[in-house]
Amino acid sequence: MAFASGYFKTTYKSDLAIVETFSLWICLIILTLGLIFFPFFASAFLMDLANQVFLALIGAIALMLLTGYAGQFSLGHAGLIAAGAFTTAILFKELNAPIWVTLPTSGLTGAILGITFGLPSLRLKGLYLALSTLALHFIVIYIGAEYETQRGFATGVVIDSPSIGPFLIEDPRLWYFSLLIIDILVVIFSINLVRSRTGRAWMAIRDRDVAAEALGIKVASYKLSAFVLTSALTSIAGCLFAYYRGFVSVEAFSLHMTIEYLAMIIIGGLGSILGAIFGTIFVVLLPYIIDALVDILHVPTRLTTYMFAIKYSAFGLIMIIFLVFEPSGLVGIWHRIRDYFILWPFKHKPLGER
Amino acid sequence: MMKKSLFGIVALASFMALFLTPAFAGDAYLVGFSVAVTGRGSGIYAPVKDAFDIYFKQVNARGGINGHPVKLIIKDNAAEPSKAAAHAKKFVTQDKVILFMNAALSSTYAPMVQVAKRYNVPLFFAGAVCPDAVYPPKADPNLYCSTAFGAKYDSRFAIPFIKNQAKGPLKLGLAAMNIPVSRGEIDFAEELAKGMGIEVAGKVAIPPPTPDYTPFATKLKSAGANWVYAWAPWGCEVKTFEALRKLGWKGKYLAYAHIQAEDDLARLKDDDFYVFGTNAFFADDTEMHKKIRAISVKEKTIYPYTQLTEGWIAAMVLEEILKKTPWPPTPEKVRTAMNQIKVDLEGLKGGPLVWTKGNHFRTVNYYRVYKWDSKKNGIVIVKDWSPLKVE
Amino acid sequence: MDKAIDLTLDGISLNISGLEILNFISMRAYKGELLALIGPNGAGKTSLLNCISGIYHATRGQIRFKDRELSGLKPHEIAQVGIARTFQHAELFRHMTVLDNLLVGRHIKMNAALLSNGFFWGKTIEEEVAHRELVEEIIDFLELEKYRKSNALGLPYGIQKIVGLGRALAMEPQVLLLDEPSAGMNRQEKEDLARFILRIRYEIGITMIWVEHDMQLVGDLADRIVVLNFGNKISEGKTDEVLNDPQVIEAYLGIKASAKG
Amino acid sequence: MQIVVNVIVLAALYCLICCGYVLIYRASRVLNLAHGELMTIGGYFLFTVAIGLGNDPVQSFLLAFIFSLALGFIVYFFLMRFMAGESALASVLVTVALGILLRGLITLIWTSQYRHPLQHLGMENSSHQIVEGAVISTFGIAMVISTVLLYLVLFLCFKFTRWGLRMRAVGENPILASQRGISLHMYYALSWGIAAFSVGLAGMIQACDSGLDPDMFVIGLKAFPVVLVGGLDSLGGVIPAAFIVALAEILTIHYISPQASEVAPFVVLISMLLIRPWGLFGTKEELERV
């Protein structure tokens, strides 16, 4: 695999290309083909894992934009997913609304919540803000629980599979391709965003808000735009989550879910879309990988209770290890491995390494 | 640098492990079990797993069932729906189990039920609240439940019991946890009580977990309740009771008897704390109880033996199902067996657990009420097995 | 002094939690001049810059840019008026490349919005390329070619300061506030800086207010000097005059000018 | 009357929990999101010690205090120390991760069943009538008294003792403090130690009063609104804030709806953020020197 080992651009426009070399194009095509043909080999379990990764990725990228790029901390992510899911559930149950109504409405709900709870961000910094988003979590969950109880959906609201025109999206493969397309769009959108004016303004605010403001960036409105975009995207993910799982229940949206999303962007590497992708894959699959190892190693059944508790702690431990020893996350490791092969046998950094 | 690259390689290798399906012995009854050993509410579900561990260790030591060992594939879903869903899919499509089970919060039901329906494999609820779909007359063909508590049935026993016990004017207080299942049941109980002409003095839904239960208890007490009925997770039930007592409340309290009830009756030693349920307490000291205690002590279970009854019953039911499933087993054969199951629970419940084609809950639910008796310095039966027909 | 006045400060006072930082300061900056602002540590030089760029709000007094009242405006509004600044500690965006740092400087001159940025439509691309060309000119001007794609975090301190200068230049300001640009630089870097400042002064013609400690640089480059001491303006005028002002010498050396003379 | 007592007890609990948030924030500008877990572990320490010693409340509590204090130091020296100089975000995320780690360890060591340390201490949690129509339990009183004592001691220390003053100095200007020869690590560790101790104490009393299970950690999060209403960096602000939040919560239970009490503190918080974002007694974010 050949990565660009230097800069050989002749026009500024060519420097804007996301994919830099011909061989990278080939790799990307192979990856895409792999993703396209994966469902035809994978079992239903692996399909479910893939779909889980795709679903989580939308939320993770949204959080990456807010936290990794705009530098705003949020503890309300599970609340926003719940908001999208409950908007969908309520519209479906009360009005029998189809997906082309619920999806945008969920996005809108998220955007409104984003404005409401992002407003304090204009006057607050860092930690104060995180806690106002914690309030968002509790309030959304409360409203959801009231809805469930008042309408008598004791074990959750059941939702039918969505249909777009004549297509009923029920088959895992259909879900896979729908989610894949959405994810590709979200990824491309975010990459474009962060390498253009908006993204630069966010990063400037994240790194030095005083300097950013002195350069003419409206800090308040950019913070708010990050909030609104993230909330809308996350709520849309919540809507898809509701349809994919076929049901919505408040118990599914715990603070632990928020923490999992935070873990995704930390482990992946803050400030990198690729990091969000790596992190999501890692965090979603980690429990199943440990399960698989337990199976392979034939851990006696009696000991599995302890294994499960260890698995739970391992999650925290891995987060700590990344934060303390590898703050650039999986994407940092990836860059190092890549550089190692680009430059082998030398040990210099490639020119202009970020 | 190489060290850090190594880190990546290890990660990659573990990732590959995901794609390897371990080979199971082809001669075992394969059963999947997704249970919340960690995470929210795991205090209720983890003991079920504990009981299954020791139960099937015994069964396999005896040479298995119909000459075949039972292989349980146990996974921890941490009470998260996504994990439960993935487990269900793995059980059904990769491990090719003939039956899979769930013991976790109710938010994990829907995704597992989906899998059961889609792949037509029976799903057995062992330790969690029974979903509506197992009730007669039209039970879902793939859903079964052996759990002691059944929403909408427990209150049908509890409210008349309180009415009969109460001497003088009855003012009923109701306590739920602010989760949909519990609140649904308490709302149902309120309707029931009003229908029977009982005055409902107060109703509280307590958010989980609450730093202080006293304010909620104050509300019940100031509403003038002299009986309180609680149907919620055990912690909520017992903490509300303790808070009421701390306030100097003198009334009587009826709570659903979860697995921790027996230990807590002995701890609280309160004569007016009644618990009702469908599982016998170890205070009965039947042969079966002695056996569970002995095995639990021998195998050093993680949870105390008093909390193992629920799991033990489910394990007995599972053993009976597999006994009736001729080799080679298929989900179809398992379903046939489950539709005509009758398990003699040897004193763990008031009578046998019977499933029919249209009833996957049980045909008769036997309730019993226990309380602490300070004169006898032990747990006594207030009301012996009372059958409630499930139709 | 028949030149047009760019910036007028009129009786600026600043009070932060009871401390008198600036006391009734009035001064002017004329179009195209290089005005040095000097004074001992804690004299309030940086605070004065902060007041001009809107980071602090003066307790009393007025600031005018040409005919426009600046008092009460937010920093980003002042930037839009055409007043740029550098910072004492460069304050670069640490996790961005030099190129991106400079592009942030172009922020107010660009206008693509969030959605079009996300889709990277025609206009966004055109804009990105156009502004990239302008930024490249600044890179050439400040001789930063080899750092173009390096992360700001790892750059030598002197280079960071130059990038900070470039970032301010990228705004195409009419007034440039320089906050101790030479602090932390070695001799070679200072000479480069002096060259850049002179080129900005004579080739681009931006008005500059320059906070500086290095008296030699000030003496060589500045058109005029304003001297602050403990929040008071103690002197203002042509470079030679001010540097020979006994009050100034006293403030700097702490000895009576007469004793020296 | 009972309502007043309830408010006082709940406010005392909040005070005890929030003391640690404020101490750690003041010292190192880090918000400790693993606070609820430290509280839960405090309860489990008491439980374990009580089983080991059996019917010896004084020694059990003392030993559990020491464990809690030590845990705070351990967390600082083996984890938070490495985060010095990192961004606040990274430090907060580390505490989030620490929370998960601790929760897993709690399940691993003590399982997730309900525990009752009181049983093993050989104590009773009887109730006492203080005025007509108002009752308080023994551990309710303990909660109030320990809160009063803790705050009294802390205030006196900060005002009059040398290291109290130094600790304040460290919080206000770490760079200056370290230039004057104050060992920052020592004082950061101390604030972690006191924080873990005070919240552990809250956990212990809570465990005695109403039992113990791993889900207790959420109480730590529920106490958040109090710190924000009071102002993140103001120890004195915690007390009135705790009363406001407790009052809002209890009035909601009584006069609006019990289940809504869950969101009442957060509604107070949001309205506070709109009126005075830096809290009742918090200092407005200082102007940054650039």
Side-chain angles (χ1 to χ4, degrees), chain A residues 67 71-73 75 116-117 119-120 122-132 134-139 141-143 145-146 149 206 208-211 214 254-256 258-260 262-263 265-266 270 305-306 308-325 327, chain D residues 25 29-31 33-34 37 79 82-83 86-109 111-112 217-218 221-222 224-225 227-228 231-232 257 259-260 262-263 265-270 272-274 276-279 282 285 287-290:
Chain A
T67 307
Q72 307 297 304
F73 186 34
L75 284 174
T116 321
F117 287 87
L119 271 180
L122 309 186
R123 298 175 70 183
L124 298 179
K125 276 192 185 166
L127 300 173
Y128 277 87
L129 182 66
L131 299 183
S132 84
L134 189 68
L136 177 144
H137 175 91
F138 279 95
I139 291 171
I141 295 298
Y142 171 74
I143 295 169
E146 280 303 296
T149 316
R206 172 196 68 191
R208 282 270 182 266
D209 53 353
V210 180
S254 59
L255 277 170
H256 192 70
T258 304
I259 293 168
E260 275 184 340
L262 283 174
I265 62 169
I266 294 166
L270 284 170
T305 304
Y306 300 112
F308 293 143
I310 292 171
K311 180 171 84 179
Y312 195 90
S313 339
F315 192 57
L317 196 63
I318 290 172
M319 263 174 92
I320 291 178
I321 289 173
F322 270 100
L323 278 163
V324 177
F325 298 109
Chain D
Y25 183 81
R29 304 285 137 176
V30 171
L31 194 67
L33 286 176
E37 281 81 2
L79 183 62
F82 300 110
M83 299 312 290
E86 296 281 336
S87 68
L89 180 71
S91 306
V92 174
L93 292 175
V94 165
T95 64
V96 169
L98 175 69
I100 304 182
L101 178 64
L102 291 179
R103 236 177 297 156
L105 290 178
I106 289 173
T107 326
L108 184 65
I109 301 170
T111 77
S112 38
F217 79 93
V218 183
L221 289 180
K222 285 192 167 177
F224 259 144
V227 213
L228 281 203
L232 257 177
S257 99
Q259 61 267 25
E262 195 172 10
V263 291
F266 289 98
V267 174
V268 174
L269 165 67
I270 295 280
M272 191 67 203
L273 289 181
L274 291 177
R276 243 181 102 90
W278 51 93
E285 289 275 303
L287 292 166
E288 280 168 75
R289 193 177 160 82
V290 287

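Proteins get letters first, then strands, A, B, ... in listed order; numbering begins at 1 in each.
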Participant: What part of A:Leu75 is in contact with chain D, defined as an atom under 4.5 angstrom from a non-hydrogen atom: side chain, backbone, both or neither?
Facilitator: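 Side chain only.
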Participant: Is the closest side-chain heavy-atom distance between A:Leu134 and D:Phe266 below 4.5 Å?
Facilitator: yes
Participant: Of the listed residues (A:Ala309, A:Ala263, A:Ser313), which shares the most heavy-atom pairs with chain D below a 4.5 Å separation?
Facilitator: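 Highest number of heavy-atom pairs under 4.5 Å: A:Ser313.
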Participant: Can you name the one residue among A:Thr67, A:Ile259, A:Ile266 that meets side-chain contact (heavy atoms from CB on, under 4.5 Å) with D:Leu93?
Facilitator: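 Passing option: A:Ile266.
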Participant: CD1/A:Ile320 to CZ/D:Phe82 distance, rounded to the nearest 0.5 angstrom?
Facilitator: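 Answer for the CD1-CZ pair, A:Ile320 versus D:Phe82, is 11.5 Å.
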Participant: Is A:Ile141 close to chain D through its backbone or its side chain, or both, or neither, when contacts mean heavy atoms under 4.5 Å?
Facilitator: neither
Participant: So, for D:Met83 and A:Leu323, which heavy atoms are closest and what is the spacing to 0.1 Å?
Facilitator: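 Taking every non-hydrogen atom into account, CE-O, 4.3 Å.
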Participant: Let me confirm one number: the CZ-CG distance from A:Phe73 to D:Leu33, rounded to the nearest 0.5 Å.
Facilitator: 6.0 Å
Participant: Looking at D:Val227, D:Leu269, D:Val263, which makes the most heavy-atom pairs under 4.5 Å with chain A?
Facilitator: D:Val263
Participant: What pairs of residues pass the salt bridge (charged side-chain N to carboxylate O under 4.0 Å, His left out) test when at least one of them lies in residues 87-96 of chain D, not counting sequence neighbours?
Facilitator: none
Participant: Start with the C-alpha distance between A:Thr305 and D:Leu108, add both sets of side-chain angles, then the distance that settles side-chain contact (heavy atoms from CB on, under 4.5 Å), and finish with yes or no.
Facilitator: CA-CA 8 Å; A:Thr305 304; D:Leu108 184 65; over 6 Å; no
Participant: Taking salt bridge (charged side-chain N to carboxylate O under 4.0 Å, His left out) as the definition, give me every residue that meets it alongside D:Arg103, ordered by chain and number, with sequence neighbours left out.
Facilitator: D:Glu37
Participant: What is the distance from atom CG of D:Leu102 to atom OH of A:Tyr312, rounded to the nearest 0.5 Å?
Facilitator: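 Answer rounded to 0.5 Å: 11.0 Å.
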Participant: Measuring heavy-atom distances to chain D, does A:Leu317 have an atom under 4.5 Å in its side chain, in its backbone, in both, or in neither?
Facilitator: both
Participant: How many angstroms lie between OG1 in A:Thr116 and CD1 in D:Ile270, if you round to the nearest 0.5 Å?
Facilitator: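 Those atoms lie 9.0 Å apart.
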Participant: Distance from D:Ile100 atom CD1 to A:Glu260 atom CD, nearest 0.5 Å?
Facilitator: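 So the gap between those two atoms works out to 7.5 Å.
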Participant: Compare every heavy atom of A:Tyr142 with every heavy atom of D:Gln259, then report the nearest pair and how far apart it is.
Facilitator: O-CE1, 3.5 Å
Participant: Measuring heavy-atom distances to chain A, does D:Leu221 have an atom under 4.5 Å in its side chain, in its backbone, in both, or in neither?
Facilitator: both
